[in-house]
Amino acid sequence: MCGIVGYTGTNQASPFLLKGLQTLEYRGYDSAGLEVLSPDGALHGVKYAGRVSALVERCKVANPVGTSGIAHTRWATHGAPNDKNAHPHRDCSERIAVTHNGIIENFRELKAQLMAAGHEFTSETDTEVIAHLVEDAWKGPRKGDLVAALRNACSRLKGSWAIACICADAPGQIAVARNGSPLVVASTADGAYAASDVMPLASITSHVIQLANSQFALLESNGTITVYDETGDMVRDPSTIDIDWDASAATLGGHADFMEKEIAEQPEAIERLLQGRLGEDGIRLDELRLARDELASIDRVFLIACGTSSHVCQIARTMIESWAKVPATWAYASEFNYEPEVLVTPNTLCVIVTQSGETADTLAAARRMKALGCHVFAVTNVLGSTAAREADGVLYVQAGPEVCVASTKAYTAQLVACALLALVLARANGTMDQNGVARHYHDLSLLPDAIREVFRRSWQDKQASALFRRSSSSLYLGRGVNATTALEGALKIKEISYLHAEGYPAGEMKHGPIALIEQGFPVVAIVPADRWHDKTVSNIQECIARGAHVIAVATDGDEGVASQVEHVLWIPPLPDELLVPVVAIVHLQILARFVALARGRDVDKPRNLAKSVTVE
Ligand code: AGP
């Protein structure tokens with residue numbers, strides 16, 4: 001949530017800052033702004049409520065000139081998304097400016113103290129206190145030391161932050177700080193760069209420094225970067241990562257929007273993930289960092305995540321119990337963190353699933369499980385993310401940058417990653433022999449082509465999307481693992497079309513949601529050829545009897561279902577019913593996109609949302 005970029009060097013700062021903000025806009029897009037240090041020695045700020053594209057247009061007129069600057073794209077937490085709350089924020093002297101990602105929990109108390117001491121505030125944000133604290137510290141005994149001033153300010157903060165700070169009296173310098181919110185810095189012959197994640201830097205360098213919590217850095221225009229710890233001692237070996245993403249992976253590449261592109265990338269993402277995983281004795285998953293006997297002794301698996309990733313956990317739970325016969329449970333991280341009691345055994349494996357690797361609740365849950373002595377395994381998409389760094393083992397799903405706020409390719413790749421994990425556990429504890437593992441691996445390898453087949457049938461989704469034209473609500477139903485597909489399908493349509501959708505286990509429908517149904521009410525039923533099929537068909541009939549118009553996701557050849565419903569989204573047959581969610585959801589992603597586009601929505605940047613939820 002919120003994206004930060006900074007640059008100091010020999011080039012003009014604005015082009016990188018604006019391009020960087022566009023790359024980070026998935027993190028929040030309520031407002032955007034920048035501050036550049038002008039050659040006349042004053043700060044030149046441009047900031048507005050609205051998208052980065054609006055800031056780009058304003059900058060064409062305002063023309064901020066200067067070779068050092070910081071910039072921000074905001075997802076509002078404190079203060080409405082308006083011009084005055086847009087970052088960066090200045091101090092009273094207007095010589096210092098800061099951008100911030102995170103939440104300053106004690107800002108009210110600090111603001112009161114600062115106001116009592118004569119500071120004047122111009123925004124309702126928590127961030128502005130940082131600018132005034134740096135102002136006070138800058139006047140202190142270590143005047144001229146920007147990073148010391150920022151360190152002093154941070155010592156008074158409670159909460160989470162990634163901060164970039166510029167001062168007109170420290171030309172050519174940017175001080176940055178990290179505590180809880182991600183921040184990377186990089187150096188080239190052209191200068192020094194800071195960003196919330198590696199994406200804005202991917203076209204500039206392949207090597208970045210990843211600041212750890214409580215670290216600070218001073219960026220200088222000659223490209224020097226010095227990292228400090230919270231006591232002010234220099235950190236000689238800061239953590240670094242090599243970016244292996246092709247910068248073009250984060251461009252549209254001819255697609256109408258990132259959602260379309262990322263849906264289309266699913267088969268290749270799964271193929272990449274599966275490549276070379278079948279070993280002579282089970283699945284190769286060295287990333288788990290557990291020896292065979294340790295794997296064999298795992299007696300409980302605890303899966304934790306938020307949002308779409310929590311749907312991965314729900315299905316993974318079934319895979320683990322079915323294939324590895326290990327008791328598994330899942331939890332929403334936001335709920336888990338406040339459970340009064342967490343029951344773990346000495347051999348409990350904790351799996352966190354997080355596309356971004358930065359979801360605050362998921363990270364907090366992982367830390368809690370670690371403190372309880374669990375081995376924490378992260379399934380994530382983002383290289384060098386906090387989850388990847390803090391976990392004991394990490395499996396990168398390698399789906400490539402996911403820019404659209406609605407998760408698509410990361411969801412299916414994470415499902416496949418969890419299937420691999422289930423097979424590893426099954427082989428290690430002897431519940432599956434090598435033939436069984438090879439058969440399941442073969443079943444997984446069929447998924448990319450099955451998804452490609454769904455793409456060829458996307459006209460079915462387009463036709464079915466017409467059913468949502470006159471409706472303000474809908475019901476998504478399924479059973480077993482596809483009860484979760486119903487939840488995920490409903491979440492997709494809610495987040496990008498703003499149309500209410502209720503995802504529900506089909507068998508539970510008559511205990512309440514059936515009351516929603518009236519003439520013409522859209523119901524999406526996931527009813528593949530599986531053990532739950534006939535039961536779900538009965539539920540479809542109950543809906544039709546009450547006037548619902550049903551869209552069914554059904555397996556090729558199921559004329560019985562086809563004869564009853566308005567539209568069928570056909571999926572090819574799969575040998576394993578537990579893998580159907582990976583294919584069925586693709587129809588629902590495409591359907592949601594068509595519905596949203598018909599309603600004129602920005603499918604990549606739905607209102608009120610941010611891709612990376614770095615606050616609790
Ligand atoms: C997905 O479409 C959502 N935007 C959201 O639910 C997301 O899955 C959730 O915020 C968790 O994110 P993570 O996977 O990066 O932890």
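Because the structure is a prediction, the values reported are computed rather than measured. Numbering of ligands and ligand atoms starts at 1, following listing order.
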Subject >> salt bridge (charged side-chain N to carboxylate O under 4.0 Å, His left out) assessment of Arg272 paired with Glu268 >> reply: CA-CA 6 Å; Arg272 246 188 333 268; Glu268 289 73 29; over 6 Å; no
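Of all the heavy atoms of Glu358, none lies under 4.0 Å from any atom of ligand 1, so neither backbone nor side chain is involved.
Looking at heavy atoms from C-beta onward, Lys494 lies out of side-chain contact with Leu499 at the 4.5 angstrom threshold. Put simply, the side chain of Leu425 reaches to within 4.5 Å of the side chain of Ile320, judged on heavy atoms.
The shortest contact between atom 16 (O) of ligand 1 and any protein heavy atom is with Thr359 OG1, 2.4 Å. In terms of protein heavy-atom proximity, atom 2 (O) of ligand 1 is closest to Glu495 OE2, 2.4 Å. Of the protein's heavy atoms, Val405 O, 2.9 Å lies nearest to atom 4 (N) of ligand 1. The protein heavy atom nearest to atom 11 (C) of ligand 1 is Cys306 O, 3.3 Å. Protein heavy atom at the shortest distance from atom 7 (C) of ligand 1 is Thr308 N, 4.0 Å. Among protein heavy atoms, the minimum distance from atom 10 (O) of ligand 1 is reached at Val613 CG2, 3.9 Å.
The ligand atoms of ligand 1 that sit less than 4.0 angstrom from a heavy atom of Gln355 are 13 (P), 14 (O), 15 (O), 16 (O). Using a 4.0 Å cut-off to heavy atoms of Ser407, the atoms of ligand 1 that qualify are 1 (C), 2 (O).
Note: Tyr26 and Phe258 fail the aromatic proximity criterion, with ring centroids not under 6.0 Å apart.
Polar contact with ligand 1: absent for Thr362 (N/O pair, distance under 3.5 Å). For ligand 1, the polar-atom distance check against Leu491 finds no nitrogen or oxygen pair separated by under 3.5 Å. Some N or O of Ser356 is nearer than 3.5 Å to an N or O of ligand 1, by distance alone.
A heavy-atom separation below 4.0 Å is found between Lys492 and ligand 1.
Classified by interplanar angle (parallel below 30°, tilted 30° to 60°, perpendicular above 60°), the ring pair Phe468/Tyr476 is tilted.
For atom 14 (O) of ligand 1, the nearest non-hydrogen atom from the set Ala406, Gly357, Ser309 comes from Ser309.
The salt bridge (charged side-chain N to carboxylate O under 4.0 Å, His left out) test with Asp257 is passed by exactly one of Lys605, Arg601, Arg593: Arg593. For the pairing with Ile493, the side chain to side chain contact (heavy atoms under 4.5 Å, CB included) check across Leu588, Val595, Val524 returns one residue only, Val595.
Taking both residues in full, the closest heavy atoms of Ile571 and Pro528 are given as CD1-CB, 4.2 Å, listed atom of the first, atom of the second, then distance.
For Lys19, the NZ atom sits in a loose shell: 12 or fewer heavy atoms of surrounding residues, nucleotides or ligands are nearer than 6.0 Å.
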